[in-house]
Each structure stands twice: as structure tokens, then as C-alpha cells.
Amino acid sequence: MSKEKASVEVSKESKSGSQVELKQGQKRKRVEVAKKGDGKSIKFDEPNASRVDEADVKTEAPSRRSGSPSQRQSSKPLSNPGRKDNKSSGRNGKLANTKHQQSIPPHLLRKRDELLPKRKALPIWLKVDEIKASLKKNNVLVLTGETGSGKSTQVPQFLLNEKWCTRCIAITQPRRVAAISLARRVAEEMGSYMGSQSPMAKVGYSVRFDNATGPNTKIKFLTEGMLLQEMLRDPVMSQYSAVVVDEVHERSVNVDLILGFLKNLVAGVEQSGKKRDQPLKVVIMSATADVEALVDFFDDSGASEKTLSASNDDADMKDALEQAVTSRVSKCFVEGRQFPVEMIHLPSPTQDWVESALKLIFQIHYKEPLPGDILVFLTGQDTIEGLEKLVNDYAEGMDNEVPKRIFEPTPVRTRKVILATNIAETSVTVPGVRYVIDCGKSKTKQFRSRLGLESLLVKPISKSAAIQRKGRAGREAPGQCYRLYTESGYAEMEERTTPEILRCDLSQAILTMKARGVNDVLNFPFLDRPPRDALEKALLHLLHLQALTETGTISEIGLKIAKFPLTPTLGRVLVEAAKPERDCLLDVIDIISALSVENVFLNLVTEERKEEASEARRELYRREGDHMTLLVTVQRYAEEQSDRKAWCIRHFVSHRAMQNVMNVRKQLRQQCQQLKLLAPGEEQDMKAPSEERTKNVLACMLRGFVANTARLMPDGSYKTLNGNQLVAIHPGSVLFGKKVEAIVFNEFVFTGKAWARGVSAVQLDWVSEVIDSIL
DNA sequence: GAGCACTGC
């Protein structure tokens, strides 16, 4: 059977998530999953062409050239829209007679007409009347539908021409790529321009660093974070007639906040003294069938439709009927479009799932027909690299057995193996996958509010995550899912993944609420209420930052901090830097920008490369610590005018990370100007920072991170000043292995040991100064 | 003495 050559290709650096090439009129050619070594694709064959459906649309990488309207156009000529074509599309009724239609180029209309039959075949189209009627009757609709139902693209289009829909429709997405590619798809389906291409564009999107909306945008896809930012400026969302909240089952902190705000808004609770002049229609879309919790959440009266069907008894029925009249929430279920996936569990538990995965990969490769790629879910870089090496070794041995095949001129039929973390669960869709191997674990972050410490631990996944992973095998054809655990192991898993809001630091969430006028956060409508001590801990932290006043209302400082795309702590550092006595705002913006993106310094594997790198970076490293090192790095990069990419390669710095740094830096500078923290045109001193400048910068850091300070003990270890907790300088820090009087650090991470990341050396009396100024 | 799941503003 081993007649195929198994070539192995590993892609290490790619843009976040997937790389997709789509040519007009053609199907997807090739996808690689890789992000800083989180995912590797090992190719055993030519990737399959696959159909492009909604879930694929959601994970397409956006074009990097989204800036220029002309570049975003299709390759067809745009000039001379052509009266003839307009006439020929007159069969489409009134649309064709509108002014907009006159100038829409024919190829857009052709594409629209071509897509219409495909749209109508989507399962959601069976529910179009029901959805419209529900929203006529009620302001809230809970819509559950599995993947492939078409809900994300179709629902906004269903609502567009409803009588009540006089303004814009917002559709939120947890991820940027999803917002962008869904908008593209819907624009195509509507025969409309996209975003800022043309003032008549009816579809647009809004994500950080990229706003593609126009004056006539009626359907707007945006990230959850973006909607929250908009809600700060306009709490009643007056520009929208409807808000569609998609992917609610993922339960990000942001979606939980949005749901709470929407609940208040629908219930008519005043928002900062403002009220809407017309009702807001809300559609909650979720993949899992946890409808009742969502319906109950939005329906205080307890008069949801379920009461009607649940009651048998006559008296109950009468009650239920009465309540149903006043029911405020509709619900709707849509079938998905998913091929069957055969489940295979292990007969007995395994300790070494890397080895089990290896065996299964080759068992599938030998036994199962082609085509059909294999997606393997692992926990992290270490296990991925371990398995990659094993597969490579084994595949090499196989080559030796079938040497002749290598030189055959015919295209080799092979199989692709993708090794991934849970990035492939939601963020990236890999076409061609028919086999899934699921290790049943993932690394999850747990915030321990008592210690203010985050832990990253390998934990069993939930049943819903396991089902999600399994589903990845049935996107294009019937598939198989091999679970590296037993059936009883599955039965023991939690039903669903604990919502993020129950396991994270709440200070940013609470500051967002306070800034939006929710003063009583303990009584905020949470879909899942965080424990009281976690809420109190966050409130106390905000008080220490002076973001809240003694009475718990938001302060001037707090209002400023809430506007920044930063944690409250980093926001506080920024505000501190703008004080005249500190006068180091531009420097601090550079540092914070670098702290806001993925690691700027590339992680080298071999000892040799590590030494090479530290030699090359010597001109950037500062003995004061990571913060000043980042400042120098950003400044040198910004100064480099000729070839920034080459500069990065020379210094073993990630070019992609630095591009992000520059985006964040620009945004923060703009926001600081708007808040009058920064004078327009203020220039930065690019000289190597003096001792005084360094002291000012670190004093700002200390203002935000007082709780994250530690002092050197006589035995050479560090213990936190607040809590006497043992902490070690992280190996990634420039201060790793160094002994200084005291340190301030950004992050406290537990992975087998408590580590301090983002570390600078400070003097103990600087720390006392800050503590005194707060008390 | 030796490490980094995933999003997002």
C-alpha cells in the first residue's frame, strides 16, 4: 500500500492563521496552518480543491492590500458600467430602477445572480419567513444553527428590507478575519461594492486598524471589541436598527458584555440618560442548543415560548397561553449541513498520546482511501514539534522502502497531515480534512484572583469542544474522528467550556461597564455571574489605579483609560507618562505598543542561533531591563528608513510583530492627541535614553504595576513585595539570571513555576515612593 | 535555574 511518497513540508512562519489563495472563478488551492509554530502542516499530497462555503469564508485570510479601493476591486474592468447590462438585469424588479443600480458594474450583478441559487439552497432559507415574522412580533430572536446553515451571511440580508429596518444592521464576530471575509461574501451576494470602495456600498466591516464602511452601509460586520468601543461613544446604538450577535456559544468576555448591555437596552433601561426612539431588534446566534438559557436571559417575565409547550395541565396551559402573548423572545432552530463523522474511541486510556497519534496517522494513511487529509489536535509547540519529528522520521523510512516512486513523473497522490493546537477548532478552517485525531486536551489559562496570577495548564477539553473538533472531519465529505481517549473518558468531560468571564481578570470588563454608565456592576445582567470575590478584586484594582473614585464611580482617569485598547494597568501607565513631571509619553507609547503585540524578539531553538541572536541584539539590549530594551528596539526600527525587513532579520526581530507595533503606536498616539494628553506634532527624542529618562519611564511602569514588584532575597531568589510570593525572572527576559535590588514586571505566569515576564530593574525606594503616593 | 493555548480594542 505504501506506494505513495510521503513528502513532508513544514511551514513555520505565516500570517496569523491560515494562508489562503483564492483565484477568481477557481476554488481554493492551498491552505497551510501555521502560526509561530503553533500549527504545522505536513504534506503528503497535493491539497484538494474544495468547495468554498460559509465557514471557509469566515477563515479566509484577508487581503493585505485592503487599503486602496482600486486594488480591492475584482480584476474585471470597472469603467463604463454599461446601460445595456443594467437593462438586462431589469428582471430583478425594483432594485434595478434605483439610482444605485445604475452605476453598479455588470460583473457585480452577474456574480450576484450566479450566487442566488446557492444561497437559496442553504438550510437557513427554509426559515426566512419564520425569522422575519419573529422579529415583527418580538424584539429578540434566539437563533441556533449548526455550521453550514448559512446564518451568518443570510440573516442580515433577510432583515435588510423589513419595514422596521430603517438604519444599519450590525453583525458581530469574535475574530477580525471572520468579519472581513463575511462582509466580502455578503457584498458579492448582494451585488454591492464593499465598504469604502464606493460611497454607494451597502456592505462594510469595521475592525481595528481597518474601517471599511461608507455613508450608505446598511450591513456592517464588526468585531465584538469594535462594537463595545462604539457603545462607549453611543450607548443606545442609535445608528442601528438591529444587532446580530454571532458565535455566542464561544462566550468571549466581550460577547458576555454585549449581551448584558443589549438586555438592558431591550428592556428599556436608560443608558446614561439616553433612550432609543425606536426599538432595537436583537438576534442572538449560537451553534449549541443552549437556547433556554439565552431565552430566559432576555426574558425577565418568564414568558418565553417554552412555557407553552412544556405545560400539560389545564391551568398551566391557560397561564402559559397568557404569558405567551406577552412573550418577548422568539426562538428558531436551523439544521446544519454536515456530513456524518464516524467516531472511534480508544479501548483503553493512553498516557502517551503523541505516540498514539503517530500510530494513527500512519494507520489512516495506509488503510484509508485518498483523498483525505488528517488534522491532529495537540496542546502546544512542544507536542507539535515532537510529533512532527516522529512523523518525519517515520516518513523517511517509508521513502526508502519505495524509492522508485519518488522519481515517477506522474503527480504523486499523497496525504497532508496538519498538526495544530485549538487554533484549528474555531479560527482556521483547513479544507480537505476527512480525518481528525483529537488528543482530548488543551492548554487553558486560569486566573487565580486571590494571587493575581495566571496559570497555563494542560486540561481535558469539554464535550462541546470535542464535538467541535470532530465536526472538522465532516465539512466536505463523510469523515472519521479518532479520539485519543476512551468513551468513558468522554463521558467524564465537562459539558461545555467554562466561559472566559469566569476565569479571567475582570478589571478591563468592569471598567468598560463603568465607562458605559453601568455603575452597579455587582448587579449587571451576566449570562454567567462571576464569583463576587473576583468582581471585588477587580474593583479594588481599579481603585488602586485611580480609575474609580472611593464611591466606586468612574474617575476622569478611568474614562481616559477605558478609551484605550489596553488593559487598565497599561492604560494607567500611559496616563501617568503624560504628567508634566514624567514627560515621557512618546517613550511609554513605544514600550506599550511592543508589549501589546506578540513577542518582538524571535525565539531561537538551537544554542548556536541563540548566541548569534544575543550578539546581534547587543546594541538593543539594555541592562535596565526589558522595557528599555523594547524602547530602543522600537526606536531603532522606526529610524530605519531603507530596509526595515532586513533590519529585522539582522537583529533576529519579528518583522510582522514590528509592523503591528507601528500600527498600535500610531493608534495610541492618535488617541492620546484626542484626549489632549499629547500635543500634535510633538517630537520624540531618539537619542539613547538618559538615566533620568529611564527613571521616569520606569516610574510610570511602577504606577501601573505596583502589585507586580519583587525584591531580591539573600539567597538570590525574588519575592513579591505584595504577598511574599516566590517568583523567578522568565528565561525570555534580558534580566534572566541577573540579580538586582528589585524588579517590576508585567506578567506573572505559572507554568510549573511562577515566572515574571516583561521585567525591569528598579530601586526599592522608587517602589516606596509610588506606594506612598497612592496611600 | 530554562519557557511561550487562543482571541480582541
Side-chain angles (χ1 to χ4, degrees), chain A residues 16-17 35-39 59 172-179 206-211 222-233 247 250-255 257-258 377-385 420-428 439 441-446 454-459 461 465 497 500 503-504 508-509 511-512 515 561-568 570-571 593 596-599 601-605 607 610 660 663-664 667-668 671 715-718 726-733 736-739 747 749-758:
Chain A
S16 70
K35 192 191 171 188
K36 276 202 308 176
D38 302 326
T59 52
T172 68
Q173 291 294 322
R175 284 166 291 278
R176 296 165 52 96
V177 263
S206 175
V207 299
R208 190 180 184 184
F209 307 130
D210 194 0
N211 182 353
L222 33 68
T223 47
E224 293 157 356
M226 218 53 188
L227 187 70
L228 283 173
Q229 283 299 118
E230 285 188 1
M231 289 168 93
L232 282 182
R233 291 192 298 274
E247 311 283 19
E250 291 191 21
R251 294 296 306 277
S252 63
V253 175
N254 283 344
V255 103
L257 292 180
I258 288 173
F377 285 100
L378 297 165
T379 51
Q381 196 181 340
D382 48 343
T383 49
I384 286 178
E385 282 173 355
T421 60
N422 29 6
I423 190 170
E425 242 172 62
T426 49
S427 310
V428 172
C439 74
K441 313 252 184 228
S442 73
K443 280 191 187 171
T444 39
K445 190 148 83 178
Q446 206 78 36
E454 289 169 346
S455 319
L456 201 56
L457 299 168
V458 176
K459 287 260 175 92
I461 58 171
T497 313
E500 195 187 355
R503 44 186 181 89
C504 75
Q508 196 165 8
L511 190 64
T512 305
I561 296 175
K563 295 202 169 93
F564 289 115
L566 300 169
T567 60
L570 280 176
S593 305
S596 310
V597 305
E598 76 243 54
N599 214 347
F601 294 110
L602 292 172
N603 207 359
L604 289 319
V605 188
E607 225 29 65
K610 271 183 193 166
N660 288 334
N663 275 333
V664 178
Q667 188 185 34
L668 290 177
Q671 289 176 328
D715 65 356
S717 67
Y718 290 93
L726 190 69
V727 66
I729 296 175
H730 193 276
S733 168
F736 177 64
K738 302 270 190 320
K739 288 181 176 45
E747 266 188 303
V749 184
F750 190 90
T751 45
K753 190 174 172 180
W755 299 103
R757 294 173 71 180

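This one's a predicted model, so the numbers in the text were calculated from it and none came from an experiment. First the proteins, then the strands, lettered A, B, ... as listed; each starts at 1.
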Exercise for the section: For A/R208 and B/dT7, give me the distance from atom CZ to atom P, rounded to whole Å. Expected result: 15 Å
Exercise for the section: Nearest whole angstrom, please: distance from the C1' of B/dC9 to the CZ of A/R233. Expected result: 11 Å
Practice task
Would you classify A/V458 as touching base, sugar-phosphate or nothing, given that sugar-phosphate means primed atoms plus P, OP1 and OP2, and contacts are heavy atoms under 4.0 Å?
Solution key: nothing
Handout entry: Donor-acceptor contact below 3.5 Å, side chain A/E500 vs main chain A/V253
Key = yes
Problem - Evaluation steps, side-chain contact (heavy atoms from CB on, under 4.5 Å), between A/T426 and A/E247 - result: CA-CA 10 Å; A/T426 49; A/E247 311 283 19; over 6 Å; no
Practice task
Specify the separation, in whole Å, of atom CG of A/L457 and atom C1' of B/dC6.
Solution key: 15 Å
Practice task
Would you classify A/N254 as touching base, sugar-phosphate or nothing, given that sugar-phosphate means primed atoms plus P, OP1 and OP2, and contacts are heavy atoms under 4.0 Å?
Solution key: nothing
Exercise for the section: For A/K459, answer base if it contacts any base atom (sugar-phosphate contacts may also be present), sugar-phosphate if it contacts only those atoms, and nothing otherwise; contact means non-hydrogen atoms under 4.0 Å. Expected result: nothing
Exercise for the section: Looking at every strand, decide which applies to A/R757 at a 4.0 Å heavy-atom threshold: base, sugar-phosphate, or nothing. Expected result: nothing
Handout entry: Qualifying residues under side-chain contact (heavy atoms from CB on, under 4.5 Å), relative to A/E224, sequence neighbours excluded
Key = A/T172, A/P174, A/S252, A/N254, A/V255, A/I258
Handout entry: Rounded distance (Å) that lies between atom P of B/dC9 and atom CG of A/N663
Key = 12 Å
Exercise for the section: Would you indicate, yes or no, if B/dC6 has its OP1 or OP2 atom less than 4.0 angstrom from a side-chain nitrogen or oxygen of A/R175? Expected result: no
Exercise for the section: May I ask you to evaluate whether A/S442 reaches the phosphate of B/dA5, defined as a side-chain N or O under 4.0 Å from OP1 or OP2? Expected result: no
Practice task
Check every strand shown and say whether A/T444 touches a base, only sugar-phosphate, or nothing at a heavy-atom separation below 4.0 Å.
Solution key: nothing
Exercise for the section: Specify the separation, in whole Å, of atom CG of A/L566 and atom P of B/dC9. Expected result: 13 Å
Exercise for the section: Give one of base, sugar-phosphate or nothing for A/G737, where a contact means two heavy atoms less than 4.0 Å apart. Expected result: base
Problem - A/K563: partners by salt bridge (Lys or Arg N to Asp or Glu O under 4.0 Å), with sequence neighbours left out - result: none
Practice task
Select base, sugar-phosphate, or nothing to describe what A/Q508 touches, counting heavy atoms under 4.0 Å on all strands.
Solution key: base
